Amino acid sequence: MLDAIGVSDIDQLFSEIPAELQSGRLTNVPPGIPEMELARVMTARSQQDGRYINFIGGGVYEHHIPAAVWELTTRGEFYTAYTPYQAEASQGTLQLVYEFQTMMASLLALDISNASLYEGASALAEAILAAVRVKKKARTVLIPRAVNPVYRKVVETIVRNQNIKLVEIPFSATEGTTEVSALRDYEGDAVAAVVVPQPNYFGLLEDVDTLTDSAHELDALAIGLVNPTAMALLKPPGNWGSDGADIAVGEGQPLGIPLSSGGPYMGFMCCKSKYVRQIPGRIVGRTRDDQGNDGFTLTLQAREQHIRRSKATSNICTNQGLMVVAATLYMSLLGPEGLRRVAARCHHNTNILVEKLTAIDGVKRCFEHPFFHDVVIQLDQPVADVMRAIEAQGISAGIDLSSEYPELGNALLTCATESRTVDEIENYATHLERILSRRSLDPPCAEKVAQ
Amino acid sequence: MLDAIGVSDIDQLFSEIPAELQSGRLTNVPPGIPEMELARVMTARSQQDGRYINFIGGGVYEHHIPAAVWELTTRGEFYTAYTPYQAEASQGTLQLVYEFQTMMASLLALDISNASLYEGASALAEAILAAVRVKKKARTVLIPRAVNPVYRKVVETIVRNQNIKLVEIPFSATEGTTEVSALRDYEGDAVAAVVVPQPNYFGLLEDVDTLTDSAHELDALAIGLVNPTAMALLKPPGNWGSDGADIAVGEGQPLGIPLSSGGPYMGFMCCKSKYVRQIPGRIVGRTRDDQGNDGFTLTLQAREQHIRRSKATSNICTNQGLMVVAATLYMSLLGPEGLRRVAARCHHNTNILVEKLTAIDGVKRCFEHPFFHDVVIQLDQPVADVMRAIEAQGISAGIDLSSEYPELGNALLTCATESRTVDEIENYATHLERILSRRSLDPPCAEKVAQ
Amino acid sequence: MLIFEQSRAGCTNPSQAPDDDSDISDIPQYLLRDTPPNIPSVSELQTVRHYTRLSQKNFSIDTHFYPLGSCTMKYNPRACNKYAMLPEFLNRHPYSSVQTGQGFLACMFDLQEILQDITGMKAVSLSPLAGAQGEFTGVSMIRAYHDAKGDSERVEILVPDAAHGTNPATATMCGYQVREIPTLADGDVDLDALRQAVGPRTAGLMLTNPSTLGVFERHILEVAQVVHGAGGLLYYDGANLNAIMGKVKPGDMEFDVIHMNLHKTFSTPHGGGGPGAGPVGVNERLLPFLPIPYVIEDGGEYRWAVEQDCPRSIGRLSANMGNAGVLMRAYIYARLLGREGMRRVAEFATLNANYMMQCLKHNGIEMAYPTRRATHEFIATVKTLKEENGVSAMDVAKRLLDKGFHAPTVYFPLLVPECFLIEPTETESKEELDGFIKAFTDILDEAREDPEMVKNAPYTTPVRRLDEVRAARDMDLAWGDS
Amino acid sequence: MLIFEQSRAGCTNPSQAPDDDSDISDIPQYLLRDTPPNIPSVSELQTVRHYTRLSQKNFSIDTHFYPLGSCTMKYNPRACNKYAMLPEFLNRHPYSSVQTGQGFLACMFDLQEILQDITGMKAVSLSPLAGAQGEFTGVSMIRAYHDAKGDSERVEILVPDAAHGTNPATATMCGYQVREIPTLADGDVDLDALRQAVGPRTAGLMLTNPSTLGVFERHILEVAQVVHGAGGLLYYDGANLNAIMGKVKPGDMEFDVIHMNLHKTFSTPHGGGGPGAGPVGVNERLLPFLPIPYVIEDGGEYRWAVEQDCPRSIGRLSANMGNAGVLMRAYIYARLLGREGMRRVAEFATLNANYMMQCLKHNGIEMAYPTRRATHEFIATVKTLKEENGVSAMDVAKRLLDKGFHAPTVYFPLLVPECFLIEPTETESKEELDGFIKAFTDILDEAREDPEMVKNAPYTTPVRRLDEVRAARDMDLAWGDS
Ligand SMILES: Cc1ncc(COP(=O)(O)O)c(C=O)c1O
Ligand SMILES: Cc1ncc(COP(=O)(O)O)c(C=O)c1O
């Protein structure tokens with residue numbers, strides 16, 4: 001090959017690189033190892049991490065994933081294809097995405113779905129940017145404090161530089177749901193969008209109808225932020241209030257995607273047809289080939305960076321395609337009824353969890369309000385210490401809310417999906433009871449010293 | 001559908017079954033469980049079994065298996081196809097088997113390979129039956145005592161009813177290899193075949209050239225019984241002696257097939273062309289389609305049960321096809337050089353193991369003779385007790401030979417494949433040393449009582 | 001293109017090969033190999049691409065309706081694969097102690113119990129590696145039984161003419177002579193002929209029920225009586241168990257010994273030819289002869305029953321204990337379906353077969369046993385087409401491939417000319433069945449209008465009609481030898 | 001057929017659905033959904049078959065040569081998938097304590113170190129989820145840097161006209177104006193134009209090197225000097241890092257911030273569109289602004305650096321910590337290849353590209369930069385063909401599909417008319433490259449002889465040439481809405 005090129009060694013191929021730069025020798029990259037040794041390293045590390053019985057939710061859930069999902073998702077033809085730029089050579093991915101779009105749009109009762117964004121929080125940011133594009137002049141966006149605090153931070157990072165004002169809407173101290181009345185304070189302001197979570201971060205069910213109508217009264221778009229599993233049971237954004245939410249987004253992880261320490265997941269985004277040109281991300285359409293047969297292709301690319309460059313709706317290019325494969329397989333394997341039962345079982349199990357935990361002295365629910373499958377529990381002791389003690393029993397108890405929501409005291413966000421058994425729930429309660437009572441009788445050393 | 005059939009319920013479809021038989025109600029089959037619960041059951045059972053550092057060989061070896069092997073082998077198109085009866089719709093499997101046949105025949109330096117038999121021991125039995133068919137009148141078969149004792153039992157079970165005389169050939173008490181001179185006792189007998197193992201069960205290298213030539217002098221076929229990994233290094237059966245072995249068989253498990261508590265594995269069988277009509281099992285041939293293009297099909301089916309029925313070479317029908325897929329992928333991923341290095345590393349590691357173990361007081365090699373990757377170690381205490389103590393340290397020490405070969409005393413068959421690290425080998429030695437010295441100072445209670 | 005044609009000498013995959021620094025100098029030179037084998041030297045990508053592309057040339061259950069009669073090509077749940085391949089299961093050495101395998105052995109023990117219940121037999125051994133080895137095991141037990149009684153006159157095994165080829169082949173392997181029993185026009189065994197055939201030479205009868213003709217042997221109890229009356233034993237070929245699980249138990253039909261094809265009834269994958277698993281079940285009579293090893297519970301621990309436990313056992317069939325990974329998949333399948341699921345399998349398999357049979361009959365296709373109920377399968381024949389238009393069952397089969405359906409089993413059983421043994425299985429949807437019915441019907445129309453077209457099928461497969469005669473004549477069985 | 005067209009209301013998979021006995025009566029009726037969503041009700045087999053068959057309609061690395069320029073479509077080692085998906089890794093919740101993830105975090109920490117070494121940067125954060133998010137992160141840091149200095153005049157990001165679309169789109173998302181810098185005929189940046197463009201409004205320059213034109217920017221040090229001299233920062237788009245790993249470090253080229261596309265250089269699979277991972281590296285200057293979380297070692301334990309640790313960080317890009325599973329695959333890849341392997345990647349990627357370029361040139365195909373060395377990719381153009389025969393780059397691309405090759409990137413970069421950006425990657429064999437060279441050359445012959453034939457390609461794909469205009473006009477974006 002060197003001969004064909006007309007050089008005598010490979011180094012000559014790099015001759016255009018200034019000599020003073022050619023010293024890229026790697027020193028910190030370890031030497032290569034064969035797969036056998038790699039297997040040993042990775043197995044050891046995975047075993048170091050072990051397995052915990054998981055009661056953590058907060059937007060990411062341990063659901064059962066049918067074996068077929070990943071056995072098919074990792075087929076080379078899905079796994080190692082690129083974005084379907086050559087439609088005729090990518091009908092597999094394209095038809096699948098079209099089917100995904102159909103399922104998601106229907107699950108959310110909206111007209112249109114895109115082919116995924118990175119994940120839930122950045123999807124929310126993108127929805128806000130889309131709303132601002134729709135509303136042009138209006139640059140205020142109302143976000144409930146009852147939205148996942150990390151989501152609010154991500155939105156801040158992403159929209160910060162675009163002259164958008166993010167306003168926090170408080171939640172009711174007693175109900176834990178967004179203060180609908182607070183929206184009225186922004187009448188007359190140029191509000192581009194109101195974010196409406198369902199359920200909210202505390203698992204509580206918002207009055208989505210009123211919030212959506214109120215948003216529209218402000219002449220703002222209503223952006224639904226939803227858990228897709230919940231949508232199998234709850235009223236979908238497209239049906240909220242009299243006109244429905246305009247855009248809805250969320251984290252797609254619950255649809256067949258493993259926890260995996262945080263990713264890859266996928267964000268979904270649906271909207272009313274009239275906003276289709278404002279949303280970011282790939283979209284697949286059905287069309288015909290020159291013989292009149294149905295086929296699928298990427299479409300409406302004039303929104304995207306590779307065509308519109310600095311005028312694009314977003315800079316997104318690579319999305320989370322393979323997660324869309326997994327989610328589509330997951331939904332197809334469960335069907336509408338299976339999905340509904342999963343949602344119902346999650347809620348059922350969390351109700352059992354609430355019952356067992358609140359039967360313990362010093363444990364109560366923070367809010368007595370209808371909820372779905374996440375719940376805030378209040379302890380009579382600092383959450384972090386209790387969680388550490390429970391973790392020693394192989395149980396991940398939930399999320400400590402005390403630094404993000406100091407107003408809630410020793411608050412713990414927890415949940416029990418369909419993956420948890422009643423035995424596991426009881427085991428959690430037993431340990432919690434023991435830990436709380438032991439600690440209140442006999443606080444650990446550090447606290448003794450402090451006393 | 002019932003309407004189309006013209007019945008009103010499914011039970012009517014069973015109306016031809018005598019009523020008194022229709023009480024097949026299941027009582028001991030547990031109720032069905034969803035996959036989620038199944039996952040829990042199976043995960044718990046797998047964790048109960050745990051993971052042991054494995055120094056057991058004896059014909060089945062823990063080799064590294066490239067990830068690609070099983071990610072491809074379990075592709076639906078391989079995994080869920082039937083035996084390729086419709087050749088035009090099975091070219092994937094057929095071409096793969098043709099490639100497998102080529103690789104195996106070449107690895108063994110014989111002309112022809114079949115498409116697999118069940119596993120090593122029954123493959124040996126089938127080879128013996130084939131030899132008897134070739135030799136017609138001759139019905140004596142000589143099998144060295146140095147052949148895996150389980151193989152000898154299986155052969156006995158399978159050929160027992162066909163009026164074949166199996167004769168055991170002893171091994172040299174000092175060398176551990178088959179007594180070539182013992183073959184001479186059968187001159188004049190109607191010997192159909194001599195089995196020539198390489199390496200033998202003790203890992204020792206036989207004088208295959210002389211054994212093969214001796215077999216031919218008896219006018220018997222020489223049947224090689226070989227470890228396929230070893231074949232990457234050692235002289236292959238087709239090259240043994242002046243004419244080469246006539247048939248060679250063995251256990252294909254080392255070629256990319258997981259240990260899996262004993263199966264599924266696969267037996268391989270190769271032979272000289274002239275015996276092709278006597279061997280059992282599927283064979284794939286290359287041919288042409290009616291446009292003149294190359295294609296592949298099952299061939300020489302006139303040997304098989306579905307054509308020849310009671311006159312077939314064997315009753316085998318279903319074979320171990322998927323394992324052939326795995327083995328073909330394995331060989332292709334490693335290549336001849338990779339295979340050779342694996343074999344060399346196994347031997348190298350076992351040499352280290354021998355060195356470390358025999359450095360311990362009371363431990364020595366049974367036979368000082370060239371070997372390959374299995375070795376017999378003699379202890380100064382009963383093997384079973386020592387193995388139990390080592391197992392408590394997470395180590396599987398090997399195979400206790402004392403009941404099958406009482407003449408060898410406290411003999412342990414052990415090996416270290418390329419999967420074992422030097423650390424693991426040293427750890428084994430350290431535990432063995434500790435256990436042997438503790439036990440010789442202070443035998444466990446049972447022994448005390450006995451004293 | 002063959003993988004060998006992509007090979008480039010000297011190309012090694014560093015990720016897959018250990019370093020080349022091993023010392024093997026202690027092995028004498030004359031025992032070493034002197035030329036490397038003809039195994040390809042290709043990159044990992046070349047291997048992956050080559051075999052991925054090859055795989056796409058297969059029809060399979062995951063891609064096509066595959067109604068091969070007698071083969072029970074149904075959906076192989078992916079869960080069975082995933083959970084049978086948990087790392088701890090894969091990494092356990094067969095010769096490691098039973099204490100390291102209590103989880104695995106529990107599955108095997110449970111599976112034995114499940115199979116006992118389904119078959120109505122007294123005990124089960126999981127060790128046979130496929131149906132044919134199960135047959136060998138069963139007939140060996142029959143022989144051991146007669147031998148134990150000193151009854152050495154019994155040298156014949158009776159086999160219906162409709163039987164699968166493995167039945168007579170097995171009898172031969174067990175040292176028996178084979179005597180064929182004819183079938184009546186209605187598909188049942190000719191009882192009179194059977195009565196004539198039995199006697200002091202009769203070791204036993206091998207029977208498949210539902211039979212390979214796709215009908216249930218209605219006189220099974222008489223058959224049993226005749227054979228038992230003559231001192232013979234009754235062997236059940238369980239290949240068609242799918243049709244009767246949870247409905248009828250072979251034990252109740254008075255069979256003495258049975259094998260099951262777990263790769264059929266229990267949906268373990270066929271893998272392009274195997275592996276399978278052919279456990280055997282026995283009644284009290286044959287219990288002592290059961291092959292080892294099988295799992296027993298002993299003081300709260302599972303262990304293998306071995307020679308010492310079973311001195312009269314016929315022995316071992318393989319170096320290990322059976323196709324463990326296949327058995328695990330079957331166990332998982334059984335747990336997923338459970339007792340109601342098993343029954344539903346039989347019901348829907350039978351429903352689908354009867355539906356197809358009626359629809360095809362309605363479309364004018366000839367049935368071998370038109371007055372009988374189909375079991376889980378049934379036989380259609382195109383012998384009239386063959387006579388009138390010269391288009392054979394093989395031609396129709398090939399044309400089916402073009403329509404996106406794998407062909408049913410053809411030319412088996414041997415006694416029905418130009419036949420198709422069609423087994424839809426319970427996991428196929430009505431839409432799929434309707435598609436096949438239409439395709440089959442259309443092909444018969446095509447065959448009458450344009451027989452040549454059908455005779456030259458297939459057209460859309462990776463290769464066109466293959467020359468099988470050439471394959472057998474020219475014998476190109478390995479690359480490079482021609 | 002769509003999966004919806006196979007749906008049959010009421011069909012549930014008992015294996016996948018929990019029992020229907022959950023109590024949800026505490027949820028008020030008015031909050032519940034009243035009609036089920038349009039998700040198909042099909043059997044598990046139908047799902048498996050449908051999507052297995054769909055998958056076969058894709059070209060992919062595992063099945064085809066796929067020389068998409070700028071995309072680095074190379075072999076994705078199966079080991080990366082297998083070991084990233086070990087059950088313990090998959091089952092760990094992102095919000096569980098770091099004590100439950102020390103094994104995982106060790107991998108992430110090591111990966112950060114590896115990427116630092118390869119890029120020559122001071123620190124790395126793994127959190128961006130793709131290249132474009134990496135760009136967003138980098139430019140946000142540039143802005144944070146200027147803001148921290150109170151330098152609010154800097155409102156412009158400079159971008160070469162050859163830049164990838166994400167570069168200008170990113171600048172806009174960060175609130176910057178975009179100013180394009182022209183490219184010279186030899187493929188290098190127009191230095192004079194750059195000197196003219198920089199000034200107090202310059203926040204920074206985004207540059208890809210090797211550039212998207214398939215050449216190495218020879219005056220990179222002058223470019224850096226000019227931009228830095230004007231007070232701007234230098235952003236490195238690492239999409240093309242594959243060409244220089246172990247040869248040149250972006251840090252040595254004086255870049256202040258860089259993103260990497262691990263789904264290109266580190267061979268994590270593209271998955272039909274994603275996911276990717278776009279870690280960023282920074283030098284000392286931008287260190288305080290690095291996005292959180294990233295992994296730090298703290299008293300012998302790995303943990304996430306969060307807000308409290310990094311008060312000036314630009315913040316978080318996603319709810320969790322990055323595409324962890326992708327990062328694991330990249331880490332495994334890096335460990336398999338190691339330092340020598342990385343260098344070999346760059347060398348063989350460059351060798352393959354130069355070989356293809358020379359062969360195609362030799363066959364008369366026009367190159368955009370014929371006098372330059374190719375890097376890991378190069379640009380060919382068919383503008384003459386277009387002028388003379390009316391056959392466009394798109395037509396040639398479609399015809400390549402018929403020959404079994406995925407087309408290279410077409411019509412990018414925008415400044416070369418009728419262009420192909422061809423990136424073979426290091427994992428392809430010479431045979432594959434030769435096959436492509438021949439196919440491409442043959443197509444140009446075909447195009448001259450029978451332009452219509454090429455203009456109507458492809459012929460062998462599951463569908464023929466698709467009507468993209470209709471797709472955008474009729475907007476059929478979900479089934480059932482038309
Ligand atoms: C009726 C019948 N009996 C026996 C067998 C043999 O089973 P196996 O192929 O598992 O050896 C088969 C399978 O083809 C069969 O259909
Ligand atoms: C030069 C260049 N920059 C940036 C990107 C964007 O990367 P990503 O697709 O990962 O967002 C790409 C990928 O297409 C690219 O080729």
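Below, all heavy atoms of this structure are taken into account, side chains as well, without hydrogens, waters or symmetry copies. All values derive from a computational prediction rather than experimental measurement. Proteins come first, then strands; the chains are lettered A, B, ... in the order of their sequence lines, and each starts at number 1.
- Judged purely by atom type and a 3.5 angstrom limit, R286(A) has no side-chain atom pairing as donor or acceptor with the backbone of A471(D).
- Within the 4.5 angstrom heavy-atom criterion, atoms from both the backbone and the side chain of S314(A) approach chain D.
- Of the two parts of R143(D), only the side chain, counted from C-beta on, holds a non-hydrogen atom closer than 4.5 Å to a non-hydrogen atom of chain A.
- Of the atoms belonging to V7(A), it is side-chain heavy atoms, and not backbone ones, that fall under 4.5 Å from chain D.
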The test is side-chain contact (heavy atoms from CB on, under 4.5 Å); show your working for L13(A) and L351(D) and say whether it passes.
CA-CA 7 Å; L13(A) 300 176; L351(D) 176 67; 4.0 Å; yes
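- Remark: the Q320(A) side chain and the N323(D) side chain contain an N/O donor-acceptor pair separated by less than 3.5 Å.
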Please walk me through it: do E340(D) and L26(A) pass side-chain contact (heavy atoms from CB on, under 4.5 Å)?
CA-CA 8 Å; E340(D) 332 73 34; L26(A) 303 175; over 6 Å; no
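- Interface remark: A171(D) contributes no atoms to any contact with chain A (heavy atom separation under 4.5 Å).
- Smallest separation of non-hydrogen atoms from R75(A) and S55(D): NE-OG, 2.9 Å.
- Side-chain N/O atoms of N315(A) and T166(D) include no donor and acceptor closer than 3.5 Å.
- No donor-acceptor distance shorter than 3.5 angstrom exists from the side chain of E88(D) to the backbone of G50(A), with no hydrogens or angles considered.
- The backbone N or O of H348(A) lies less than 3.5 Å from no partner atom in the side chain of D23(D), so there is not a single donor-acceptor pair.
- Side-chain N/O atoms of T297(A) and E468(D) include a donor and acceptor closer than 3.5 Å.
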List the steps and the verdict of side-chain contact (heavy atoms from CB on, under 4.5 Å) for L107(A) and R33(D).
CA-CA 10 Å; L107(A) 187 61; R33(D) 150 161 226 142; 4.1 Å; yes
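- Looking at C11(D), neither its backbone nor its side chain comes within 4.5 Å of chain A, counting heavy atoms on both sides.
- With a 4.5 Å cut-off on non-hydrogen atoms, I3(D) touches chain A through its backbone and its side chain both.
- Taking both residues in full, the closest heavy atoms of I17(A) and I244(D) are given as CD1-CG2, 4.4 Å, listed atom of the first, atom of the second, then distance.
- T12(D) touches chain A through its side chain: at least one heavy atom from C-beta onward sits under 4.5 Å away, while N, CA, C and O do not.
- Between the side chains of Q95(A) and Y51(D), no donor-acceptor pair of N or O atoms lies under 3.5 Å.
- Of the atoms belonging to P18(D), heavy atoms from both backbone and side chain fall under 4.5 Å from chain A.
- Proximity to chain D is limited to the backbone of V284(A), based on heavy atoms less than 4.5 angstrom apart.
- A salt bridge between E88(A) and K398(D) is present, with a side-chain N of the basic residue lying under 4.0 Å from a carboxylate O of the acidic one.
- Counting only distance, with no hydrogens or angles, the side chain of R218(D) and the backbone of P18(A) share no donor-acceptor pair below 3.5 Å.
- For a residue to count as touching a neighbouring chain, one of its non-hydrogen atoms must lie under 4.5 Å from one of that chain's; by this rule E304(A) does not touch chain D.
- Checked for salt-bridge contact, R288(A) and D476(D) miss the test: no charged N lies under 4.0 Å from a carboxylate O.
- Pairing each heavy atom of N354(D) with each of I5(A), the nearest pair is CB-CD1, 3.7 Å.
- Of the N and O atoms on the side chains of N81(D) and Y79(A), at least one donor lies less than 3.5 Å from an acceptor on the other residue.
- Residue T299(A) touches chain D through its side chain alone, counting heavy-atom pairs closer than 4.5 Å.
- Side-chain contact between R160(A) and C174(D) is absent, with no heavy-atom pair separated by less than 4.5 Å.
- Of all heavy-atom pairs spanning N456(D) and D290(A), the tightest one is O-OD2, 4.1 Å.
- For chain D, the nearby part of I399(A) is the side chain; its heavy atoms alone come within less than 4.5 Å.
- Using a 4.5 Å cut-off between heavy atoms, S116(A) makes no contact with chain D at all.
- With contacts defined as side-chain heavy-atom distances shorter than 4.5 Å, the pair P336(A)/S41(D) qualifies.
- In this structure a side-chain-to-backbone donor-acceptor pair under 3.5 Å is missing from T318(A) to A130(D).
- Most heavy-atom pairs under 4.5 Å with chain A, from the set D19(D), I39(D), N58(D): that is N58(D).
- With a 4.5 Å cut-off on non-hydrogen atoms, V276(A) touches chain D through its side chain but not through its backbone.
- Closest heavy-atom contact between H270(D) and A81(A): CB-O, 3.2 Å.
- Using a 4.5 Å cut-off between heavy atoms, Q48(A) touches chain D through its side chain atoms alone.
- Side chain of S260(A) to backbone of G325(D): no donor-acceptor contact under 3.5 angstrom is found.
- Interface remark: H64(D) contributes no atoms to any contact with chain A (heavy atom separation under 4.5 Å).
- Residue contact with chain D, scored on non-hydrogen atoms closer than 4.5 Å, involves the side chain of L38(A) exclusively.
- Interface remark: F372(A) contributes side-chain atoms only to the contact with chain D (heavy atom separation under 4.5 Å).
- When every heavy atom of P264(A) is checked against every heavy atom of P275(D), the shortest pair comes out as CB-CG, 3.5 Å.
- At a cut-off of 3.5 Å, with distance as the only test, no side-chain donor of E391(A) or T100(D) sits close to an acceptor on the other residue.
- Judged by distance alone, with hydrogens and angles left aside, the side-chain atoms of N54(A) form no donor-acceptor pair with the main-chain N or O of H93(D) at under 3.5 Å.
- Heavy-atom pairs under 4.5 Å with chain A peak, among I114(D), D252(D), D467(D), N352(D), at D467(D).
- Between the side chain of Y82(A) and the backbone N or O of M73(D), no donor-acceptor pair lies under 3.5 Å.
- Neither the backbone nor the side chain of Q116(D) comes within contact range of chain A; no heavy atoms are under 4.5 Å apart.
- In this structure, the portion of A232(A) lying under 4.5 Å from any heavy atom of chain D is its backbone and not its side chain.
- Only the side chain of L401(D) comes within less than 4.5 Å of a heavy atom in chain A; its backbone stays farther off.
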Please assess Y30(D) against D209(A) for the test side-chain hydrogen bond (donor to acceptor under 3.5 Å, both in side chains), listing each intermediate value before the final yes or no.
CA-CA 10 Å; Y30(D) 75 96; D209(A) 293 327; over 6 Å; no
Using side-chain contact (heavy atoms from CB on, under 4.5 Å), reason through E16(A) and R372(D) one step at a time and then give a plain yes or no.
CA-CA 8 Å; E16(A) 293 187 0; R372(D) 299 289 307 266; 2.8 Å; yes
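- Looking only at distances, no side-chain donor or acceptor of R339(D) sits under 3.5 Å from a matching main-chain atom of R25(A).
- Of the possible donor and acceptor atoms, none in the side chain of T80(A) sits under 3.5 Å from a partner among the backbone N and O of P269(D).
- N38(D) and S106(A) share no side-chain donor-acceptor pair at under 3.5 Å.
- Between the side chains of S261(A) and R92(D), at least one donor N or O sits under 3.5 Å from an acceptor N or O.
- The contact between L129(A) and chain D is made entirely by side chain atoms (from C-beta outward), counting heavy-atom distances below 4.5 Å.
- Both the backbone and the side chain of H164(D) come within less than 4.5 Å of a heavy atom of chain A.
- Residue contact with chain D, scored on non-hydrogen atoms closer than 4.5 Å, is absent for R388(A).
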